[in-house]
Amino acid sequence: MKALYFAWVRERIGLAEEEIAPPASVTTVAELMDWLKGRGENYAAAFANERTIRAALDRRHAKPDAPIAAAKEVAFFPPMTGG
Amino acid sequence: MKALYFAWVRERIGLAEEEIAPPASVTTVAELMDWLKGRGENYAAAFANERTIRAALDRRHAKPDAPIAAAKEVAFFPPMTGG
Amino acid sequence: MKILRLQKEPFTAAEIAPLTEGRSDIGALVTFTGLCRDEEGRLAALEIEHYPGMAEAEIERVVDEACRRWPLEGVLVIHRYGLIRPGEPIVLVATASKHRTEAFAAAQFLMDYLKTHAPFWKREHGPNGRVGDWVGAREEDEAAVRRWGG
Amino acid sequence: MKILRLQKEPFTAAEIAPLTEGRSDIGALVTFTGLCRDEEGRLAALEIEHYPGMAEAEIERVVDEACRRWPLEGVLVIHRYGLIRPGEPIVLVATASKHRTEAFAAAQFLMDYLKTHAPFWKREHGPNGRVGDWVGAREEDEAAVRRWGG
């Protein structure tokens with residue numbers, strides 16, 4: 001699946017997007033964050049405080065317990081500050 | 001004092017403005033309405049339902065019990081429907 | 001900045017430009033435009049009668065009260081009188097503030113007060129030049145203004 | 001009518017004209033313009049990052065929800081991204097309805113949701129080209145959106 005990162009999540013990871021292939025045991029948004037944390041210090045820094053990270057699956061907001069199975073695109077970002 | 005009438009109050013009385021000289025015993029807006037009612041059928045029709053009439057003294061909204069003593073201009077009109 | 005105007009002529013949204021021109025301390029601008037509806041063809045025009053002198057004074061009092069209640073950087077009120085055709089604007093209110101909550105609240109306050117306190121009276125003109133009834137005050141408007149207290 | 005747009009370029013109040021043009025069934029038009037403040041000179045520009053594709057989709061979802069909640073005759077949302085200078089507009093929301101209560105409520109609902117749900121992130125640029133911090137979400141905005149339920 002494609003992973004996108006925005007704002008300071010993008011900056012901390014050092015990537016705007018990448019292809020990821022989590023194992024089958026990773027089934028929810030929260031589990032995916034945990035799995036990403038293990039990929040390096042930059043990911044660990046980005047996801048250090050999971051409560052401040054929002055996620056979207058296929059361009060729709062998704063809660064931590066949302067299943068990622070069917071998603072082609074996942075995105076992680078800070079709380080939004082538009083408008 | 002000068003009396004002004006607006007909207008259907010003006011139409012029922014048949015006058016937009018006039019000079020009036022109520023006796024000294026007429027001291028409040030409500031008493032002035034009562035006194036005006038006695039001036040003819042047109043006034044009686046205009047002030048038939050006093051609760052639907054609003055008043056202003058010197059271009060400020062005034063309650064029925066407001067004293068008219070110092071006013072140079074009194075106005076009577078229906079509830080406002082601007083905006 | 002305070003722009004208060006009573007006029008016969010129509011106006012456009014461009015009237016609000018002076019409120020924000022050259023300013024970089026305004027974060028929120030709310031406008032309300034009241035427009036003349038044709039009521040499914042029942043209405044050919046609205047006639048608005050006003051009390052010259054008091055209309056201006058009352059608009060100013062309402063605006064001053066809004067400025068006491070909220071930190072406004074600018075306020076505009078333009079109200080028309082005379083004959084107004086369907087689709088034309090009747091009233092324009094604009095409020096500028098640092099944040100949106102204050103600008104929205106002040107604009108609603110101004111409209112609620114103008115509707116019930118500013119001395120304007122509407123009368124409907126029907127098709128074929130028939131002069132219709134004076135528009136009655138709406139209980140919703142009386143209720144809306146009560147929420148602001150005072 | 002529904003006008004939803006994402007753009008880099010500034011816009012003016014004239015953008016709302018199509019909402020009411022040729023219409024005589026709209027009684028109330030509310031607009032909100034969000035503008036870039038210079039924060040007493042601390043800010044030279046705002047940079048707005050967005051999530052292309054999701055930003056459009058989320059704006060459309062929020063607008064559709066507003067149209068379900070209130071009888072709207074027209075809605076406009078224009079949101080900018082990229083570099084925005086103090087005094088320039090960031091977002092424009094407009095709602096057209098028969099009566100003012102609905103137009104005001106829908107415009108506030110749209111702004112509250114856009115602030116907290118549309119994928120935009122602001123970063124402050126200081127004087128001398130210094131790139132500053134990402135703007136934090138405001139608790140007031142989170143509280144504001146909760147009042148709408150759901």
Let's test your reading of the structure: which of [options] forms the most heavy-atom pairs below 4.5 Å with chain D?
| options | value |
| --- | --- |
| A13(C), C36(C), A28(C), A103(C) | A28(C) |
| I26(C), T20(C), T95(C), V93(C) | I26(C) |
| V91(C), T101(C), T12(C), D141(C) | D141(C) |
| G87(C), A14(C), S24(C), P89(C) | S24(C) |
| H99(C), E140(C), E40(C) | H99(C) |
| I90(C), V30(C), L43(C) | V30(C) |

Check this for me, if you would: do [X] and [Y] make a salt bridge, where the nitrogen-to-carboxylate-oxygen distance has to be below 4.0 angstrom?
| X | Y | result |
| --- | --- | --- |
| E142(D) | K115(D) | no |
| E139(C) | R146(C) | yes |
| R69(D) | E65(D) | yes |
| E60(D) | K2(D) | yes |

Heavy-atom distances under 4.5 Å only: say whether [X] touches chain D with side chain, backbone, both or neither.
| X | result |
| --- | --- |
| D25(C) | backbone |
| I16(C) | side chain |
| A17(C) | neither |
| T31(C) | both |
| R100(C) | both |

- Measure the CD-CD distance between E47(D) and E124(D) for me, rounded to the nearest 0.5 Å.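 Those atoms lie 11.5 Å apart.
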
- Specify whether F120(D) and H50(D) have parallel, tilted or perpendicular ring planes, treating 30° as the upper limit for parallel and 60° as the lower limit for perpendicular.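 Ring orientation of F120(D) relative to H50(D): parallel.
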
- Task: Classify the angle between the aromatic ring planes of F32(C) and F104(D) as parallel (below 30°), tilted (30 to 60°) or perpendicular (above 60°).
- Result: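 Rings of F32(C) and F104(D): parallel, under 30°.
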
- Item | Aromatic centroids of W70(C) and F109(C) separated by under 6.0 Å |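 Judged by ring-centre distance (under 6.0 Å), F109(C) and W70(C) do meet the cut-off.
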
- In terms of heavy-atom pairs under 4.5 Å with chain C, which of E88(D), R85(D), R23(D), K98(D) leads?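 With the most close heavy-atom pairs to chain C, the winner is K98(D).
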
